[in-house]
Amino acid sequence: MKYWIMKSEPSELSIDALEKLPNKTIEWFGIRNYLARNFMRNHMQINDLAFFWHSSCKNPGIYGVVKVVTLAHPETLQFIPSSEYYESKSTLENPRWWCVDVQFDKKLDYVSITELRCHKSLAHLKVLQKGNRLSITEITKEDWVYINNLSQEIK
DNA sequence: GCCAACGTTGGC
DNA sequence: GCCAACGTTGGC
């Protein structure tokens with residue numbers, strides 16, 4: 001079992017919006033980066049857990065937990081010409097973009113990026129590194145436990 | 001709105 | 001397959 005951080009712009013999909021969806025589940029749409037795709041397609045397993053991160057917003061950081069509930073499958077929006085995520089090079093036989101479905105698990109007490117930066121033991125996190133542009137990164141179980149405890153303390 | 005970092009594109 | 005130019009991400 002693996003642990004992840006998955007970033008989403010709250011204007012596109014916030015943790016609250018996810019919680020209101022049917023089954024509280026959605027495909028992790030819109031990923032157009034090969035590394036992030038490969039994490040989903042090649043490495044994610046059902047029941048993996050991820051911190052839900054709000055990015056490109058006033059208060060970036062961790063807001064909750066989601067669970068991986070499917071293996072990777074071709075992403076829907078790449079086939080829809082009117083979508084901003086349309087991919088003309090994808091065919092049904094050979095889709096370029098793949099994603100998993102994630103389900104809302106729970107909200108956490110907000111852990112800001114600023115707070116995370118205060119902890120030396122988290123300095124290795126990819127989300128804290130300068131110039132990081134990857135919207136999906138793997139973290140260790142130790143990081144997972146540490147950050148969960150942090151959220152509890154902040155509460 | 002700035003800008004550093006880095007991914008992608010396309011000519012050669 | 002190199003690499004310059006360009007585009008995008010995302011924190012600040």
Side-chain angles (χ1 to χ4, degrees), chain A residues 2-21 26-44 48-68 72-102 104-140 142-144 146-151 153-155:
Chain A
K2 292 179 186 295
Y3 299 90
W4 307 89
I5 294 176
M6 298 175 81
K7 291 186 185 179
S8 177
E9 299 187 15
S11 58
E12 276 213 85
L13 179 70
S14 67
I15 186 93
D16 290 328
L18 175 61
E19 191 181 7
K20 287 175 189 142
L21 292 174
I26 196 169
E27 72 169 20
W28 201 251
F29 64 92
I31 298 298
R32 295 296 179 266
N33 170 284
Y34 290 103
L35 256 179
R37 179 203 68 180
N38 291 348
F39 283 142
M40 290 195 283
R41 194 183 61 183
N42 306 342
H43 300 293
M44 281 192 184
D48 279 5
L49 293 172
F51 287 126
F52 192 106
W53 178 289
H54 284 188
S55 68
S56 291
C57 58
K58 190 166 180 234
N59 299 114
I62 291 167
Y63 284 81
V65 174
V66 295
K67 183 163 72 173
V68 175
H73 53 80
E75 193 251 14
T76 304
L77 298 180
Q78 68 188 313
F79 301 117
I80 301 175
S82 60
S83 168
E84 64 174 308
Y85 294 113
Y86 179 63
E87 171 59 69
S88 61
K89 288 168 183 156
S90 284
T91 60
L92 288 172
E93 299 73 33
N94 189 20
R96 178 169 293 196
W97 302 114
W98 295 68
C99 67
V100 299
D101 289 6
V102 302
F104 174 88
D105 183 48
K106 62 181 174 184
K107 284 197 209 177
L108 291 176
D109 292 292
Y110 172 53
V111 184
S112 70
I113 189 169
T114 316
E115 172 69 26
L116 292 169
R117 286 194 198 286
C118 292
H119 295 260
K120 273 188 185 164
S121 55
L122 297 176
H124 62 278
L125 289 184
K126 295 221 173 52
V127 286
L128 299 183
Q129 275 151 36
K130 198 174 177 184
N132 160 67
R133 293 173 45 187
L134 197 53
S135 63
I136 299 176
T137 52
E138 189 178 353
I139 61 173
T140 66
E142 289 69 36
D143 295 331
W144 179 264
Y146 189 95
I147 295 169
N148 270 293
N149 289 339
L150 247 189
S151 179
E153 284 169 29
I154 289 165
K155 188 180 191 178

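Values below: all heavy atoms of this structure, side chains included; hydrogens, waters and symmetry mates excluded. Labels below follow one simple rule: chain letters A, B, ... track the order of the sequence lines, proteins then strands, and each chain is numbered from 1.
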Apply the test side chain to side chain contact (heavy atoms under 4.5 Å, CB included) to residues Phe39(A) and Leu134(A): give CA-CA distance (whole Å), side-chain angles for both, the deciding distance (0.1 Å), then the verdict. CA-CA 11 Å; Phe39(A) 283 142; Leu134(A) 197 53; 3.8 Å; yes

Show the numbers, then the answer: is there a side-chain hydrogen bond (donor to acceptor under 3.5 Å, both in side chains) between Ser55(A) and Glu9(A)? CA-CA 5 Å; Ser55(A) 68; Glu9(A) 299 187 15; 5.1 Å; no

OG (Ser121(A)) and CG (Leu150(A)) are apart, to the nearest 0.5 Å, by 8.0 Å

**OP:** Please work out which of the three classes, parallel, tilted or perpendicular, describes the rings of Phe52(A) and Trp28(A), given edges at 30° and 60°.
**Re:** perpendicular

In 5'-to-3' order, the base (B), backbone-only (S) or no-contact (-) status of each nucleotide in nucleotides 3-12 of chain C, using a 4.0 angstrom heavy-atom cut-off, is ----BBBBSS

Set of ring pair (Phe, Tyr, Trp, His ring centres under 6.0 Å) partners for Phe51(A), sequence neighbours left out: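 Phe51(A) satisfies ring pair (Phe, Tyr, Trp, His ring centres under 6.0 Å) with Trp144(A) only.
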
